[in-house]
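A short write-up of the structure that comes next.
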Amino acid sequence: MKSDELFALLRRRGVLWPSAEIYGGAQGLYDYGPLGAALKRRVEEAWAAWFVGLSHDYYLIQPAEILPEAVVRASGHLENFTDPEITCENCHTAFRAETILEKVRPEGVDGLLPTQIAEIVNSHHLKCPNCGSPALSVPRAFNLMFALDFGVSGKERAYLAPETAQGSYLSFARMWDVGRRALPLGVAVIGKAYRNEIAPRQVLFRMRSFTQAELQIFFDPAHFLVPFERARDEKLPVLRVPRREAGQESPEWVGAAELVASGLPEFYVYHLVHVFRFFRDVLRYPAERIRLFEKSDQERAFYNRIQFDVEVHLESLNGFKELGAVHYRGDYDLGRHSEGSGRDLSVTPTGGSKLLPHVLELTFGVDRNVWGLADTHLAKDGERTVWRLPPYLAPVPVGVFPLIAKEQAPYALALADTLAAAGVRTQYDDAGTIGKRYARMDEAGTPYCLTVDGPTVADGPEHDTVTLRDRDSKAQERVRAADLVARLRPALEPPRPARS
RNA sequence: GCGGGCAUAGUGUAGUCUGGUUAUCACAUAGGCUUGCCAAGCCUAUAACCCGGGUUCAAAUCCCGGUGCCCGCACCA
């Protein structure tokens, strides 16, 4: 489905819509409706079950979403987000002011006001590096962070967190103390991040307020032992730099052991395997649509030593899109915060020697995956539209209908209440014909529908049995009402990784 | 940010070029009749010209500004 068509469908069904619609909308902001909010929450639950479940030493925390200025200064966000940009009025290419002034001012532009930069551009008659035109714009400082007045004095500044990772780094010292004082130590966060994007686009793909799910693993690079045997036999669809440079865009399937043999650390490949399994086995993206895209030295941020993006081919957006990534960030983060805060964040594990832990970051865009799940799992099947979500991700896992509202409504309502009380979320519906109700639930991604009919309420062998209808096969089966909870509940639990 | 395109009920649309009747049609939604296990049929109801300004006797239609969306470029530490 094309992006427009998919978004129209999601709007119509109340999955999501633009924020502040009645005022004409606000770029880059979206609201989730009932189905969307439920789906997003289930994705988050499945993510936490899988990744926090990877180790006894991985924990979920919830840090603040506002960062004091000192934090973003130390992390590098302040300087990197305020680079002034100059645009060529002729060919419309944008450049960093630093690039344009490179030759005449090799010391850089830090500390200069936009007007001062403009003066230098004018006095040296600088031209566009692309087309040679002298029509260069006045420098514009764009800061992707939302700045806030913090406190009542008006003197302190703070920023909305541009990523959730900083909250984990800030919490490291405390986590060390409350934890087992052992490495590796995993700190997971599912939270909001805010970026004042220049051009928000493609609905959930570039938003100004979005949700990230990230796991920061602090470890000793000399001793990061992982149960690699659980990953060794997996084959991964990787697209590595040499293959990319040879002009290939499709991945090749390479065994985990082979990746290690090529020089990637075991701990990295082990986690990459589990990230791949999450996308294939938990979110159930088709394996052939997934590729692990290695970023080259030039492409990745300077502090990332190894980076693979997890990309999924999305029809609505015409190509592979980044839905997650695995970054080996070295000791950059704790180093910067040690320096910035004046507090030494190095630790001494029991029986070990003092070190500044390194960080392996597993990062996911939650909103992007909600879109991805709509793109890959929601499709037309002849007349009907079916959202083939895994049952544990379905916003409403069970629909309950009376075949004839006038006759079986009380029984069906009571059944829905019983299931709800047992922790199975249901939707009761008696409007229109039975086929219409099935179609409605198919579109909402509901995997199971229960229909109460004549035999259910009549005396006879089928008393207290209902039909259980499967979304994907449309097959029906008679099931005793009393057995329903035991029957349905296992499918509604998200998978967890194997662990000793 | 730049360039191009677009904006009409909940959704998709006709009408805009060439200003003029009660703004078209389908689906969806609500109610009724009928049917009773995969979007059937009939009747009824609800519901729209993105916002602001201008031109005109008259604006969904023409002009200007704004906002939003789509595509391309740039950006995405």
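Quick caveat: nothing in here was measured; it's all calculated off a predicted structure. Here is the naming used below: chain letters follow the sequence lines, and residue numbers restart at 1 for every chain.
- A:Val203 comes within 4.0 angstrom of sugar-phosphate atoms only, judged by non-hydrogen atoms across all strands, and of no base.
- The 12-atom threshold is exceeded at CD of A:Gln248, counting heavy atoms of other residues, nucleotides or ligands nearer than 6.0 Å.
- In terms of phosphate contacts, A:Arg11 brings a side-chain nitrogen or oxygen within less than 4.0 Å of OP1 or OP2 of B:G12.
- Picking from B:C76, B:C37, B:G10 the nucleotide with the shortest atom distance to the side chain of A:Arg12 gives B:G10.
- A straight line from NZ of A:Lys406 to C1' of B:G31 spans 13 Å, rounded to a whole angstrom.
- The main-chain N or O of A:Leu283 is found under 3.5 Å from a side-chain atom of A:His377 such that the two form a donor-acceptor pair.
- Rounded to the nearest Å, the gap between the P atom of B:C6 and that of B:C63 is 11 Å.
- Here CG of A:Asp472 is found 8.5 Å from CG of A:Asp442. Values are rounded to the nearest 0.5 Å.
- Taking atom P in both B:C75 and B:U56, the straight-line distance is 48 Å, to the nearest Å.
- Pairing partner, B:A47: none, since no Watson-Crick or wobble contact has both distances short of 3.5 Å.
- Nucleotide B:G36 holds its P atom 8 Å from the CD1 atom of A:Ile404, rounded to whole Å.
- Taking a pair to require two hydrogen-bonding distances under 3.5 Å in either a Watson-Crick or a G-U wobble arrangement, B:C62 pairs with B:G54.
- Between A:Leu16 and the options A:Asp31, A:Leu39, A:Leu204, A:Leu35, a side-chain contact (heavy atoms from CB on, under 4.5 Å) holds for only A:Leu204.
- Residue A:Ser3 is out of contact with every strand shown, counting any heavy-atom pair closer than 4.0 Å.
- When the P atom is used for both B:C57 and B:C43, the distance is 46 Å, rounded to whole Å.
- For A:His77, the side-chain atoms get nearest to B:A77 when compared with the rest of B:C70, B:G36, B:A77.
- At B:C38, none of the side-chain N or O atoms of A:Gln476 fall inside 4.0 Å of OP1 or OP2 (strictly under the cut-off).
- In this model, the phosphate group of B:A40 is approached by a side-chain N or O of A:Thr433 to a distance below 4.0 Å at OP1 or OP2.
- Using N1 to N3 plus N6-O4 or O6-N4 for Watson-Crick, or N1-O2 and O6-N3 for G-U wobble, each under 3.5 Å, B:U21 pairs with nothing.
- Summarising the geometry, the separation between CH2 on A:Trp17 and P on B:U11 is reported as 12 Å, rounded to the nearest angstrom.
- Distances were taken from every side-chain heavy atom of A:Glu443 (C-beta onward) to each of B:C76, B:C37, B:A39; the shortest belongs to B:A39.
- As the counterpart of B:A26, B:U11 is assigned, both hydrogen-bonding distances of the Watson-Crick or G-U wobble pattern falling under 3.5 Å.
- Of the C1' atoms belonging to B:A48 and B:U29, the separation is 15 Å, rounded to the nearest Å.
- Side-chain proximity of A:Arg437 to B:G36, B:C38, B:C69: nearest is B:G36.
- Side-chain N/O atoms of A:Lys436 include one lying less than 4.0 angstrom from OP1 or OP2 on B:U29.
- Pairing for B:C37 is absent, with no Watson-Crick or G-U wobble pair whose two atom distances lie under 3.5 Å.
- Spacing between B:C71 and B:U13 at atom P, rounded to whole Å, works out to 15 Å.
- Distance from the side chain of A:Arg201 is smallest for B:C2 among the nucleotides B:C2, B:C69, B:C37.
- For the OP1/OP2 pair of B:U29 and a distance below 4.0 Å, the side-chain nitrogens and oxygens of A:Arg440 include at least one atom meeting the criterion.
- Nucleotides B:G4 and B:G10 are separated by 30 Å at their C1' atoms, to the nearest Å.
- If you measure from atom CD of A:Gln212 to atom C1' of B:A77, you get 13 Å, rounded to the nearest angstrom.
- If you check distances only, the side chain of A:Tyr23 never reaches the base of B:C51 with a donor-acceptor pair under 3.5 Å.
- A:Arg384 contributes no side-chain N or O that, together with a main-chain N or O of A:Tyr438, makes up a donor-acceptor pair within less than 3.5 Å.
- Checked by distance alone, A:Arg206 brings a side-chain donor or acceptor within 3.5 Å of a matching partner on the base of B:C75.
- One donor-acceptor pair, N or O on each side, does fall under 3.5 Å between the base of B:C38 and the side chain of A:Arg469.
- A:Phe146 places its CZ atom 14 Å from the C1' atom of B:C76, with the value rounded to the nearest Å.
- Position along RNA chain B of the nearest nucleotide to A:Asp470 versus A:Glu163 favours A:Asp470 as the more 5'-ward residue.
- Checked for salt-bridge contact, A:Arg300 and A:Asp297 meet the test: a charged N lies under 4.0 Å from a carboxylate O.
- For B:G53 and B:A59, the C1' atoms lie 13 Å apart once the distance is rounded to whole Å.
- For B:C6, the paired base is B:G68 (Watson-Crick or G-U wobble, both distances below 3.5 Å).
- In this structure, A:Phe7 places its CZ atom 14 Å from P of B:G68, rounding to the nearest Å.
- Residue contacts for A:Asp442: at a heavy-atom cut-off of 4.0 Å it reaches no nucleic acid atom on any strand shown.
- Under a 4.0 Å N-O distance rule, the pair A:Glu21/A:Arg11 does not qualify as a salt bridge.
- The listed nucleotides are B:C69, B:A74, B:G12; the one nearest the side chain of A:Ala199 is B:A74.
- A donor and an acceptor atom sit less than 3.5 Å apart, one in the side chain of A:Asp453 and one in the base of B:C37.
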Given A:Ser75 and A:Tyr169, is the side chain to side chain contact (heavy atoms under 4.5 Å, CB included) satisfied, shown in steps? CA-CA 10 Å; A:Ser75 68; A:Tyr169 306 144; over 6 Å; no
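- Comparing atom distances between the A:Gln202 side chain and each of B:C37, B:C71, B:A74 picks out B:C71 as nearest.
- Residue A:Phe205 is classed as having no contact, given no heavy-atom separation below 4.0 Å to the nucleic acid.
- Separation of the C1' atoms belonging to B:C49 and B:U22 is 15 Å when rounded to the nearest angstrom.
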